[in-house]
Amino acid sequence: MSLTDILSPSDIAAALRDCQAPDSFSPKKFFQISGMSKKSSSQLKDIFRILDNDQSGFIEEDELKYFLQRFECGARVLTTSETKTFLAAADHDGDGKIGAEEFQEMVQS
């Protein structure tokens, strides 16, 4: 399964265009433009599994840095500031990584 099985390629492209400049990434805005915020819990779990590159059950800071590249190979990496802000916004239990439930809560809120 790939992200384009769940999200529209044109919505993904629009979301990536919106955050091309360094330090312009906003998770909430990305989730809205890409269509993720309108997906069901089941679809968000599938998206999470795709984004969890090492299949550990968590998206760690190292994986988060490459978040945009999971949507398109040529996309930029997130800056250190963007990565830390993204992690802090989603990591409700403070363990330094994002679990599936935390990811879903962030996307749907």
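Positions are given from 1 along the sequence. Source: prediction; values computed, not measured.
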Step-by-step salt bridge (Lys or Arg N to Asp or Glu O under 4.0 Å) determination, D52 to R49: CA-CA 5 Å; D52 177 16; R49 278 193 284 276; over 6 Å; no

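- Using modelled atom types, no side-chain atom of Q104 and backbone atom of L44 make a donor-acceptor pair closer than 3.5 Å.
- The aromatic rings of F25 and F86 sit tilted relative to each other, their planes meeting at an angle between 30° and 60°.
- Salt bridge status for E61 with K84: present, with a side-chain N to carboxylate O gap under 4.0 Å.
- Residue Q108 places its CD atom among more than 12 non-hydrogen atoms of other residues, nucleotides or ligands, all under 6.0 Å distant.
- For D23, the side-chain contact (heavy atoms from CB on, under 4.5 Å) partners two or more places apart in sequence, or in a different chain, are T79, S81, E82.
- Inspection of the E60 and S56 side chains reveals an N or O donor paired with an N or O acceptor under 3.5 Å.
- For D18, the side-chain hydrogen bond (donor to acceptor under 3.5 Å, both in side chains) partners two or more places apart in sequence, or in a different chain, are K29.
- Partners of F48 according to the ring-ring contact (aromatic ring centres under 6.0 Å, His included) rule, which considers only residues two or more places apart in sequence or in another chain, are F103.
- Looking at heavy atoms from C-beta onward, K97 lies out of side-chain contact with D91 at the 4.5 angstrom threshold.
- For the side-chain hydrogen bond (donor to acceptor under 3.5 Å, both in side chains) test, no residue two or more places apart in sequence or in another chain qualifies with S42.
- By the side-chain hydrogen bond (donor to acceptor under 3.5 Å, both in side chains) test, Q43 is found to be paired with S40, residues two or more places apart in sequence or in another chain being considered.
- Taking OG1 from T83 and CZ from F67, the interatomic distance works out to 11.0 Å, rounded to the nearest 0.5 Å.
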Distance-only criterion, 3.5 Å: show the donor-acceptor pairs between side-chain atoms of residues 3-11 and protein atoms not counting sequence neighbours.
from, atom 1, to, atom 2, distance (Å)
T4, OG1, S2, OG, 3.0
D5, OD2, S2, N, 2.9
S8, OG, S10, N, 3.2
S8, OG, S10, OG, 2.9
S8, OG, D11, N, 3.2

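- Connection of L68 to I33 is not established within any shared hydrophobic cluster, with ILVMFWY side chains joined at heavy-atom distances below 4.5 Å, either directly or through further cluster members.
- Looking only at distances, a side-chain donor or acceptor of Q69 sits under 3.5 Å from a matching main-chain atom of A75.
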